[in-house]
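As the structure is a computational prediction, the values presented were derived from the model and not from experiment. Quick note on labels: first sequence line is chain A, next is B, and so on, each numbered from 1.
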Amino acid sequence: MERLQGLRGMVDLLPQQTALWQKIENTARHHFKRAAIPEVRTPLLENTELFLRGIGESTDVVGKEMYSFLDRGNRNCTLRPEGTASVVRAAIQHGLLTQGPQKFWYAGPMFRYERPQAGRQRQFHQIGIEALGFKDSRSDVEVISIAWDLLRDLGLKGLTLEINSLGDLADRLRFRKDLISWLEERRGNLDASSQDRLKSNPLRILDSKNPSTQELLKDAPSLSDALGEESKTRFEQVKEGLQNLKIPFKLNPLLVRGLDYYTHTAFEITSNQLGAQATICGGGRYDGLIEQLGGTATPAIGWALGMERLVLLTSKIEPEIKKSEADVYIVNRGAKAESIALFITRSLRLKNRIVELDSSGSAFSKQLKRADKSGARWAIIIGDSEAEKDQFILKDLRSEKVSSGETLSMKTLFQRFS
RNA sequence: GCGGGCGUCGCCAAGUGGUUAAGGCAGCGGCUUGUGGCGCCGCUAUUCGGGGGUUCGAAUCCCCUCGCUCGCCCCA
């Protein structure tokens with residue numbers, strides 16, 4: 001038989017890795033709890049329409065990366081490529097926004113059909129927060145600070161926070177017009193994909209990685225100049241807020257981001273240790289999205305961070321998380337001994353001891369060797385003849401010398417471990 | 001979707017056209033029918049990701065395919 005393999009870009013996390021994942025998840029939960037943010041869990045599968053309208057049809061995510069299919073009832077379904085649209089959908093659907101502004105966090109797998117590479121999988125995992133109904137610039141600062149503190153708490157170094165303002169809808173439309181006409185005149189000097197974007201998504205040309213396009217853009221009309229007065233002061237407030245909190249940031253006037261729903265503040269946190277996929281956290285304000293998805297116009301802001309990339313970074317500074325070791329390893333052999341062993345194992349577990357039971361039936365020397373290797377502190381040795389006489393041997397596996405252990409009755413044994 | 005690198009046992013890894021495909025780790029068994037960290041001995045790939053071809057002969061050369069990996073695009 002040919003061996004079956006997992007799907008491309010779908011990764012198994014083995015026990016060696018899950019310890020680190022749990023550590024990161026726990027840290028994140030702790031930060032959310034401190035900020036009084038509750039969790040929401042939404043389905044992995046949504047109506048394709050949600051993402052078409054939410055993320056934008058001209059984006060790469062929607063255009064070429066979605067896992068979409070018809071279900072048995074001919075519904076057009078998509079495995080969620082990101083979390084924000086779902087959270088907003090759920091909030092609208094359940095009328096949560098009528099109860100005033102609210103924040104949520106979420107965590108879970110997302111799906112994008114891309115070529116896997118370092119820090120990028122087809123099923124990947126994000127942790128994110130969404131603050132719905134918050135208009136003030138202080139909420140931008142608060143939300144960014146939560147991400148920043150979380151990453152610092154994980155001990156990460158070499159992080160850069162970049163921010164930009166995309167302005168409101170009117171600003172963007174005005175700028176879009178200016179940019180298009182300026183670029184049209186220089187169309188010949190643009191790289192191929194930027195030429196395509198001139199029609200579909202001209203703002204994205206700004207953060208083209210193509211060097212000659214970047215060179216050309218140095219003299220292009222700038223987004224920051226196109227911002228209206230209100231947008232400008234708003235952005236100033238965000239910058240001041242970050243300064244007050246001593247959160248270092250870099251202005252990046254070319255930071256546009258790939259999803260259509262962003263307005264005003266857009267930001268990214270990158271690491272200098274990751275290779276090509278350096279963004280570990282990305283987010284921004286999306287004041288138009290909720291209305292776009294059929295809710296009443298509500299301002300909002302959020303971010304998401306990529307677990308795989310966080311794990312990559314954290315594993316560099318956290319070389320080894322020890323596997324959890326048992327308190328007690330139960331060595332046993334013989335019919336009578338084996339049934340008593342099971343009883344003792346369960347009893348000790350009910351006393352909250354971590355107990356590993358050897359059910360191999362192999363020679364005592366073998367079992368003891370495994371006991372030693374397991375890292376357990378104690379071994380309880382159960383043999384047939386002793387078990388008959390209510391005698392059990394307790395050995396300290398961490399003692400300096402190999403000891404013969406002490407002989408105890410079951411009652412005293414349990415007392416030792418209560 | 002496009003480029004580069006790679007694919008030999010659970011893991012690491014030698015072998016680069018010629019009789020039985022090194023070695024290490026892990027695993028299993030024994031020395032020790034019932035007692036741990038050491039040691040010693042033995043066992044563990046008819047087969048080199050899969051398929052096809054070249055050849056008297058291939059893990060070694062060619063083609064296809066699958067997978068991994070790095071990068072482009074894009075994003076977390």
Side-chain angles (χ1 to χ4, degrees), chain A residues 2-11 14 16 55 59-65 81-84 107-128 147 151 191-194 196-197 201 204 207-210 255-259 267-271 274-283 302-313 329 331-334 337 358 360-376 378-387 393-405 407:
Chain A
E2 198 185 326
R3 274 210 278 193
L4 250 27
Q5 285 188 311
L7 243 23
R8 161 160 245 205
M10 307 279 169
V11 173
L14 303 179
Q16 223 186 344
I55 300 173
T59 61
D60 282 35
V61 170
V62 169
K64 56 180 200 192
E65 296 171 3
E82 59 106 46
T84 302
M110 308 292 165
F111 303 83
R112 260 123 93 158
Y113 193 90
E114 298 181 88
R115 195 86 175 255
Q117 73 186 67
R120 191 172 78 189
Q121 302 298 336
R122 287 182 173 179
Q123 174 175 332
F124 63 107
H125 301 260
Q126 289 187 334
I127 295 181
L151 295 172
D191 62 277
S193 76
S194 292
D196 289 343
R197 288 220 178 92
N201 201 343
R204 294 301 323 282
D207 65 3
S208 161
K209 308 296 190 288
N210 184 293
L255 177 67
V256 173
R257 305 193 47 72
L259 312 183
F267 64 94
E268 240 173 49
I269 299 173
T270 54
S271 164
L274 271 181
Q277 308 301 326
T279 304
I280 52 179
C281 179
W303 51 251
L305 51 85
M307 275 298 286
E308 278 75 7
R309 293 175 192 179
L310 265 186
V311 168
L312 235 42
L313 287 176
Y329 191 100
V331 171
N332 61 108
R333 189 174 200 193
D358 193 315
S360 68
S362 47
F364 281 101
S365 63
K366 287 293 165 197
Q367 294 194 42
L368 252 332
K369 263 182 188 156
R370 279 194 286 266
D372 192 60
K373 207 167 256 181
S374 80
W378 304 98
I380 294 173
I381 303 170
I382 307 171
D384 262 345
S385 54
E386 292 90 339
I393 295 163
L394 178 66
K395 271 195 185 188
D396 181 351
L397 295 171
R398 308 240 176 110
S399 65
E400 291 295 309
K401 292 181 204 140
V402 173
S403 71
S404 54
T407 305

- Item | Sugar-phosphate only, base, or nothing, as touched by A:Thr270 at under 4.0 Å among non-hydrogen atoms | nothing
- Task: Answer yes or no: does a side-chain N or O of A:Arg333 lie under 4.0 Å from OP1 or OP2 of B:G34?
- Result: yes
- For A:Lys366, enumerate each residue passing the side-chain hydrogen bond (donor to acceptor under 3.5 Å, both in side chains) test, keeping only those at least two apart in sequence or located in another chain. none
- Task: Between B:G67 and B:A26, how far apart are the C1' atoms? Round to whole Å, please.
- Result: 25 Å
- Message: Without decimals, in angstroms, what is the distance between A:Lys369 NZ and B:A26 C1'?
- Response: 14 Å
- In whole angstrom, what separates A:Asp60's CG from B:C74's C1'? 5 Å
- Task: Could you tell me whether the phosphate oxygens of B:G30, OP1 or OP2, come under 4.0 Å of any side-chain nitrogen or oxygen in A:Lys366?
- Result: no
- Task: In whole angstrom, give the distance that lies between atom CZ of A:Phe364 and atom P of B:G36.
- Result: 11 Å
- Query: Hey, does A:Ser385 reach any base, or is it just sugar-phosphate, or nothing, if we go heavy atoms under 4.0 Å?
  - Reply: base
- Looking for any heavy atom pair under 4.0 Å, which part of the strands does A:Ile393 touch: base, sugar-phosphate only, or nothing? base
- Query: Given the P atoms of B:G52 and B:U47, what is the spacing between them in whole Å?
  - Reply: 14 Å
- Item | Integer-rounded Å distance: B:C74 C1' and A:Glu65 CD | 6 Å
- Query: Looking across every strand, which nucleic acid part, if any, lies under 4.0 Å from A:Ala379 by heavy atom: base, sugar-phosphate, or nothing?
  - Reply: nothing
- Any donor-acceptor pair under 3.5 Å between the side chain of A:Ser362 and the base of B:G29? no
- Flag the pair A:Arg370 / A:Asp358 as yes when at least one side-chain heavy-atom distance between them is below 4.5 Å, and no otherwise. yes
- Under 4.0 Å between any heavy atoms, over every strand shown, what does A:Leu397 touch: base, sugar-phosphate, or nothing? Just pick one. base
- Item | Spacing of the C1' atoms in B:A59 and B:U54 (rounded, Å) | 16 Å
- Task: Using the P atom as the reference point in each nucleotide, state the distance between B:G23 and B:G37 in Å, no decimals.
- Result: 25 Å
- Quick one, give me the B/S/- string for nucleotides 66-71 of chain B, reading 5' to 3', where B means a protein heavy atom under 4.0 Å from the base and S means that only happens at the primed atoms, P, OP1 or OP2. -SSBSB
- Measure from CZ on A:Arg370 to P on B:U32 and round the result to the nearest Å. 19 Å
- Query: Residues in side-chain hydrogen bond (donor to acceptor under 3.5 Å, both in side chains) with A:Arg333, at least two apart?
  - Reply: none
